[in-house]
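I have placed the structure first, in the form of structure tokens, so that the comments after it can refer back to it.
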Amino acid sequence: MRFLLDDEQREFARSLDGMLTAADTPGAARAWAAGDTAPGRALWARLAEAGVFALAVPERHEGLGPMPLELAVACAELGRHAVPGPLVETVAAAAFLDRLDEVDRLDGLDEVDRLDGLDGFGHAGAAAEWLPRIAGGKALLSLCVPAASGPYALDPDAADAVLVVDGDTVRLAETTGPLQPSADPVRRLARPLGGTVLARGPAVAAAASHAAEVAALATAAQSLGLGRALLDRTVAYVGQRTQFGAAVGSFQAVKHRLADTLIALEFAQPLLHSAALALAEGADHASAEIAAAKVTAGEAAYAAARTALQLHGAVGYTDELDLALWIRKARPLRDAWGTPAACRARVLAR
């Protein structure tokens, strides 16, 4: 089977790369870390115009999808440019609401016990209320599934709503605890607190499981794009930095380190595309393929961060250098929505 992108998909990636290259994504990321979400939301609006978020939303709710492969292509570019915000969590929330909506349309209300009158949540209008807004880039949602994502919600202070799924129950968080220290300051974490139960039942747990797989796929794509950005920046730097009268990049040890990083990233890419195709087809092995892609891309990106840090030398440690925005994101993405150990366990259990 071939996992090469077609011309349209490659052009989509190039258009996103061009748009984000022209935008001040490092500035938006630094502002987001400081609590100013305006530049980031403006960037989200441009991404919505390009159809990025619509890829996670079905056509019946003003979207284009779900299109897992194209979504993976988009998330790779967002990772390459370190776009801030709960991108993965919003996409996962869209998948969660869409799956519950399918239960409504096909199976009725037997599998989901909902409560009415909760501002668009907890009834048959939840998907109709939020999915078009997600597709249009007008709503940021943070989905927290403690069993898959850990106890903290990402960017709850910036999100329009925080959904928490605990077992077979979903609730809308009323507030959150204080922001927690994070290896990546752009990833603002807090524990969701309180809230009202919106729905419960086996379909909630099934929808959450599906959403977690979508989140893992999107995170893997972000990691892949992040790793490629780190590699590109490092190759450019070692070509300029000189030692003993020669470019550092001409040294064999440096070449080998960069080659190993490239090979790891290249190996991860077909696994990512294969996982996206399996998810699109609803294949039984999709979960294992997503786990394989997640651990491979996450480890490759983390290795790229270590390589970038070593080959940049002391300057690589400075927060003032934009490289830090990528380096500090590598490990959190590696562990988000499935640690390497958890992903390996899922692959071995297949």
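Owing to the predicted nature of the structure, the values given are computational and were not obtained by experimental measurement.
- Between Asp232 and Arg80 there is a salt bridge, with a side-chain nitrogen of the basic residue lying less than 4.0 Å from a carboxylate oxygen of the acidic one.
- For the pair Arg60 and Asp98, the salt-bridge criterion is met [side-chain N within less than 4.0 Å of a carboxylate O].
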What's the verdict on side chain to side chain donor-acceptor pair (under 3.5 Å) for Asp155 and Trp32, showing C-alpha distance, side-chain angles and the deciding distance? CA-CA 9 Å; Asp155 298 317; Trp32 194 280; 3.1 Å; yes

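- For Ser274 (side chain) and Pro270 (main-chain N/O), no donor-acceptor pair under 3.5 Å exists by modelled atom type.
- No donor-acceptor distance shorter than 3.5 angstrom exists from the side chain of Asp166 to the backbone of Thr169, with no hydrogens or angles considered.
- Two different hydrophobic clusters hold Val162 and Trp130 under the rule that ILVMFWY side chains link at heavy-atom gaps under 4.5 Å.
- Taking each heavy atom of Pro151 and Arg191 in turn, the nearest pair found is CB-NH1, 3.3 Å.
- With Thr296 contributing its side chain and Ala293 its backbone, the two residues share no donor-acceptor pair below 3.5 Å.
- Annotation for Thr90 and Ala139: closest pair CG2-O, 4.0 Å, computed over non-hydrogen atoms.
- One finds a salt bridge joining Asp160 and Arg41 here, because a Lys/Arg side-chain nitrogen approaches an Asp/Glu carboxylate oxygen to under 4.0 Å.
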Trace of the side chain to side chain contact (heavy atoms under 4.5 Å, CB included) decision for Tyr152 with Thr176: CA-CA 9 Å; Tyr152 300 110; Thr176 60; over 6 Å; no

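- Dense packing is recorded around CG of Asp6, with more than 12 heavy atoms of other residues, nucleotides or ligands lying under 6.0 Å away.
- Checked by atom type and distance alone, the side chain of Ser149 pairs as donor or acceptor with a backbone atom of Val145 at under 3.5 Å.
- Here the shortest heavy-atom pairing between Arg171 and Leu193 reads NH1-C, 4.0 Å.
- By the neighbour-count criterion of 12 heavy atoms within 6.0 Å, atom CZ of Arg241 is densely surrounded, having more than that number from other residues, nucleotides or ligands.
- Within the 3.5 Å criterion, the main-chain N or O of Gly40 finds no donor-acceptor partner in the side chain of Thr37.
- Scanning for ring pair (Phe, Tyr, Trp, His ring centres under 6.0 Å) contacts around Trp337 gives an empty result, with sequence neighbours left out.
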Going through the checks in order, is the side chain to side chain contact (heavy atoms under 4.5 Å, CB included) test met by Leu231 and Leu265? CA-CA 9 Å; Leu231 179 61; Leu265 293 168; 4.1 Å; yes

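- Between Leu131 and Pro58 the shortest side-chain heavy-atom distance falls below 4.5 Å.
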CA sep, side-chain torsions, deciding dist, call: Leu258, Thr307, side chain to side chain contact (heavy atoms under 4.5 Å, CB included): CA-CA 7 Å; Leu258 293 171; Thr307 297; 4.1 Å; yes

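- Using modelled atom types, no side-chain atom of Thr25 and backbone atom of Thr21 make a donor-acceptor pair closer than 3.5 Å.
- Residues Phe96 and Leu198 fall within the same hydrophobic cluster, defined by Ile, Leu, Val, Met, Phe, Trp and Tyr side chains chained together at heavy-atom separations under 4.5 Å.
- Summarising the local packing, CZ of Phe251 is surrounded by more than 12 heavy atoms from other residues, nucleotides or ligands at distances under 6.0 Å.
- The pair Arg10-Asp7 counts as a salt bridge, with a side-chain nitrogen and a carboxylate oxygen less than 4.0 angstrom apart.
- Leu323 places a side-chain heavy atom less than 4.5 Å from the side chain of Leu230.
- In this structure, the side chains of Leu333 and Leu226 come closer than 4.5 Å at one or more pairs of heavy atoms.
- Leu100 and Leu163 fall within a single hydrophobic cluster, where Ile, Leu, Val, Met, Phe, Trp and Tyr are joined by side-chain heavy atoms under 4.5 Å apart, directly or via other members.
- Between Glu49 and Arg46, no side-chain nitrogen of the basic residue sits less than 4.0 Å from a carboxylate oxygen of the acidic one, so the salt-bridge criterion is not met.
- Between Asp319 and Arg30, the closest heavy-atom pair is O-NH2, 2.9 Å.
- Judged by distance alone, the side chain of Ser142 and the main-chain N or O of Leu154 form a donor-acceptor pair under 3.5 Å.
- Side-chain contact between Ser182 and Arg188 is absent, with no heavy-atom pair separated by less than 4.5 Å.
- At a threshold of 4.0 Å, the pair Arg233-Asp322 does not count as salt-bridged, since none of the basic side-chain nitrogens sits closer than that to a carboxylate oxygen.
- Take Tyr237 and apply the ring pair (Phe, Tyr, Trp, His ring centres under 6.0 Å) test, not counting sequence neighbours, and it matches His312.
- A salt bridge is defined here as a Lys NZ or Arg NE, NH1 or NH2 lying under 4.0 Å from an Asp or Glu carboxylate O, and Lys329 with Asp184 meets this definition.
- Listed by first and then second residue, the side-chain hydrogen bond (donor to acceptor under 3.5 Å, both in side chains) pairs involving residues 341-350 are Ser287-Arg346, Glu299-Arg344 (not counting sequence neighbours).
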Could you walk me through whether Asp17 and His81 satisfy the side chain to side chain contact (heavy atoms under 4.5 Å, CB included) test, starting with their C-alpha distance in whole Å, then the side-chain angles of each, then the deciding distance to 0.1 Å, before giving a yes or no? CA-CA 8 Å; Asp17 180 44; His81 292 276; 2.6 Å; yes

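- A donor-acceptor contact shorter than 3.5 Å is absent between the side chain of Lys294 and the backbone of Glu213.
- Within the 3.5 Å criterion, the main-chain N or O of Pro84 finds a donor-acceptor partner in the side chain of Trp44.
- At a threshold of 4.5 Å between side-chain heavy atoms, the hydrophobic network of Ile, Leu, Val, Met, Phe, Trp and Tyr places Ile134 and Val164 in two separate groups.
- Here the shortest heavy-atom pairing between Leu309 and Gly316 reads CD1-O, 3.4 Å.
- In this structure, the side chains of Pro68 and Leu217 come closer than 4.5 Å at one or more pairs of heavy atoms.
- Judged purely by atom type and a 3.5 angstrom limit, Thr339 has no side-chain atom pairing as donor or acceptor with the backbone of Asp335.
- For the residue pair Ala23 and Leu43, the shortest heavy atom distance occurs at CB-CD1, 3.9 Å.
- With respect to the salt-bridge test (charged N to carboxylate O, under 4.0 angstrom), the residues Glu266 and Arg228 qualify.
- Hydrophobic clustering of Ile, Leu, Val, Met, Phe, Trp and Tyr side chains at less than 4.5 Å, counting indirect connections, unites Leu224 with Leu20.
- The shortest distance between side-chain heavy atoms of Gln9 and Leu69 falls below 4.5 Å.
- Side chains of Glu77 and Val52 form no contact here, defined as non-hydrogen atoms less than 4.5 Å apart.
- The side-chain heavy atoms of Val88 and Gln222, taken from C-beta on, include a pair separated by under 4.5 Å.
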